[in-house]
Amino acid sequence: MQKYEWFFVNTWEMFEKLKTYSSKIKANYFKFDVETDSANEKTALLYGVGFSFLDSKVFYLCWRDKPAEGEAQGNIIWTSEQQKEIIQWFYENSSSRKIITHNGVFDCLVIENNWEIDISPYLYHDTILSAHTLAEDGPFALKELGTMYVDESAKDEQTELKESVLANGGTWNKLNKEMFKANPEILGKYCCQDVYLTSMLFHKFEKELQEQGLDKLFYEEESMPLYQVTIDMKRKGVHINKPHYEKLAADIKREQLQLEFDINNEIKEEIKPFLIEVLNKKVPIKSGGAFPKTLAEILNIPLPVKTTKKNGIEVVA
């Protein structure tokens, strides 16, 4: 699939070259994607960020190394001073362009929580939203969209990543893929592909939005403006009236029980044949024997107890 150059930035020399490149390049867009150790943006640790200015070159800036054996997390590979300069550079280059992402709520909040910079106001286009605007039934996952619209082999990079994760003792299953445990170069290659897919989908979807007359709805009236509200809600949370919802839950439960009672009353005549069939399977229907006892068990009703007197004492017959 490789239709672009990708660069792994993990030394100061490489970063200096990146700064020189970015100072000379003229580009309107900044496409980026993050790699983390969690799907929870509030707690996720940043392992690296992939980005591109032009479609032909994609960069992966490694932030953390993979966890050492027995360790829960990797170490940041930059000094404190280097970190400050990298973060400042990233902010200047992203905030001066139109940001393109796929599921940008997550990416922007991870950057904010790890680097204490807010780039969400510069988010211009999220391909997960444009995919939904153009086709409400999906798919919406990046790899699925990439396979469908960009390249049929878009999922192939996962094979190398999975092998690296497992070789390093990480977990890889449907519920948990510890991608941050892959070798950083392999994780970087995977991230760069995601950036490239996002970029290709952006070009395709933006054109289709214009062709279908949905561009104003997407950019000005609904999708992206509401997205900014969503980011703020994810950041701060939402106040709810807890007693109101507790009462609502109790009311719904009460209505549910009443409905069950009413339905049982309405259908009890209709289910008599069914009950008879069940009884007949368990025990043949007849006046004596085990039939009355089985019927009482199914209907959960007590049978009358026969008693007699023996030596002046009443006992069960």
Side-chain angles (χ1 to χ4, degrees), residues 1-6 25-35 39 41 49-60 90 93-112 118-158 190-235 238:
M1 173 188 169
Q2 196 91 345
K3 298 178 181 177
Y4 57 92
E5 289 184 275
W6 76 279
I25 198 73
K26 292 183 179 180
N28 294 324
Y29 302 116
F30 184 85
K31 291 87 69 174
F32 87 99
D33 181 59
V34 298
E35 295 300 334
E41 65 273 359
V49 55
F51 49 87
S52 69
F53 303 94
L54 302 175
D55 299 335
S56 57
K57 297 182 187 294
V58 187
F59 300 86
Y60 179 77
F90 187 88
N93 279 271
S94 57
S95 63
S96 60
R97 295 175 171 88
K98 296 177 178 179
I99 295 177
I100 315 297
T101 64
H102 187 87
N103 191 26
V105 171
F106 180 80
D107 297 299
C108 289
L109 290 180
V110 165
I111 291 294
E112 182 176 325
D118 179 14
I119 59 173
S120 62
Y122 313 103
L123 184 56
Y124 172 70
H125 186 116
D126 193 313
T127 52
I128 202 170
L129 282 185
S130 51
H132 184 271
T133 302
L134 293 164
E136 290 185 355
D137 295 331
F140 306 117
L142 180 58
K143 288 295 189 292
E144 290 183 69
L145 289 168
T147 302
M148 183 180 297
Y149 296 119
V150 182
D151 193 302
E152 291 182 357
S153 64
K155 290 185 179 180
D156 291 352
E157 296 287 355
Q158 283 190 336
Y190 177 86
C191 185
C192 286
Q193 187 203 42
D194 281 357
V195 173
Y196 177 75
L197 291 176
T198 299
S199 185
M200 293 300 99
L201 291 172
F202 160 64
H203 295 312
K204 174 180 174 57
F205 292 160
E206 184 169 58
K207 182 181 178 182
E208 290 186 9
L209 287 169
Q210 293 170 353
E211 290 173 347
Q212 296 184 31
L214 295 171
D215 49 326
K216 188 173 182 180
L217 173 74
F218 182 78
Y219 287 112
E220 300 176 27
E221 297 176 348
E222 185 175 297
S223 301
M224 293 308 299
L226 287 176
Y227 207 38
Q228 290 293 340
V229 177
T230 301
I231 293 174
D232 204 40
M233 289 171 65
K234 291 277 281 186
R235 180 187 289 123
V238 181

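Remember, predicted model here, so these are calculated numbers, not experimental data. The first residue of the sequence shown is numbered 1, and numbering continues consecutively from there.
Between Phe205 and Tyr149, the distance from one ring center to the other falls under 6.0 angstrom. Less than 6.0 angstrom separates the ring centroid of Phe51 from the ring centroid of Phe30.
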Expected list for residues 126-135: side-chain donor-acceptor pairs under 3.5 angstrom, two or more places apart:
| from | atom 1 | to | atom 2 | distance (Å) |
| --- | --- | --- | --- | --- |
| Asp126 | OD1 | Asn103 | N | 2.8 |
| Asp126 | OD1 | Ile128 | N | 3.0 |
| Asp126 | OD2 | Thr101 | OG1 | 3.4 |
| Asp126 | OD2 | Asn103 | N | 3.2 |
| Asp126 | OD2 | Gly104 | N | 2.4 |
| Asp126 | OD2 | Tyr227 | OH | 2.6 |
| Thr127 | OG1 | Thr101 | O | 3.3 |
| Thr127 | OG1 | His102 | ND1 | 2.7 |
| Ser130 | OG | His125 | NE2 | 2.9 |
| Ser130 | OG | Thr127 | O | 3.2 |
| Thr133 | OG1 | Leu129 | O | 2.9 |
| Thr133 | OG1 | Ser223 | OG | 3.4 |

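Met200 CE to Leu145 CG: the interatomic distance, rounded to the nearest 0.5 Å, is 14.5 Å. Taking NZ of Lys98 as the start and CG of Asn28 as the end, the distance is 6.5 Å to the nearest 0.5 Å. Rounding to the nearest 0.5 Å places CD of Gln193 at 8.5 Å from CD of Gln158. Annotation: the span from Ile100 atom CD1 to Leu123 atom CG amounts to 8.0 Å, rounded to 0.5 Å. Rounding to the nearest 0.5 Å places CD of Glu5 at 11.5 Å from CG of Leu54.
Heavy-atom minimum distance, Pro139 versus Glu144: CB-OE1, 3.6 Å. Smallest separation of non-hydrogen atoms from Tyr29 and Arg97: O-CD, 3.7 Å. Minimum interatomic distance between Ile119 and Cys108 (heavy atoms only, all atoms of both residues): CG1-SG, 4.2 Å. Of all the heavy atoms in Phe140 and Glu136, the pair that sits closest is CZ-O, 3.2 Å. Closest of all the heavy-atom pairs between Ser94 and Tyr122 is O-CB, 4.2 Å. Contact record, Gly50 with Cys191: N-SG, 3.5 Å, taken as the closest heavy-atom pair.
Remark: Glu112 engages Arg235 in a salt bridge (charged side-chain N to carboxylate O under 4.0 Å, His left out) (not counting sequence neighbours). Judged as a salt bridge (charged side-chain N to carboxylate O under 4.0 Å, His left out), and not counting sequence neighbours, Asp33 has no contacts. Taking the ring-ring contact (aromatic ring centres under 6.0 Å, His included) definition, one finds that Tyr124 meets it with Tyr219, sequence neighbours left out. Applying the ring-ring contact (aromatic ring centres under 6.0 Å, His included) test to Phe32 and every residue at least two apart in sequence or in another chain returns Phe90. Under the rule for a salt bridge (charged side-chain N to carboxylate O under 4.0 Å, His left out), the partners of Lys234 that lie at least two apart in sequence or sit in another chain are Glu41.
At most 12 heavy atoms of other shown residues, nucleotides or ligands fall within 6.0 angstrom of atom CE in Met233.
For the pair Lys31 and Tyr4, the cation-pi criterion (under 6.0 Å, within 45° of the ring axis) is not fulfilled.
The shortest side-chain heavy-atom distance between Tyr190 and Glu35 falls under the 4.5 Å cut-off. For the pair Asp215/Glu220, no side-chain contact is recorded, criterion being any heavy-atom separation below 4.5 Å from C-beta on. Under the 4.5 Å side-chain criterion, counting only non-hydrogen atoms from C-beta, Asp55 is in contact with His203.
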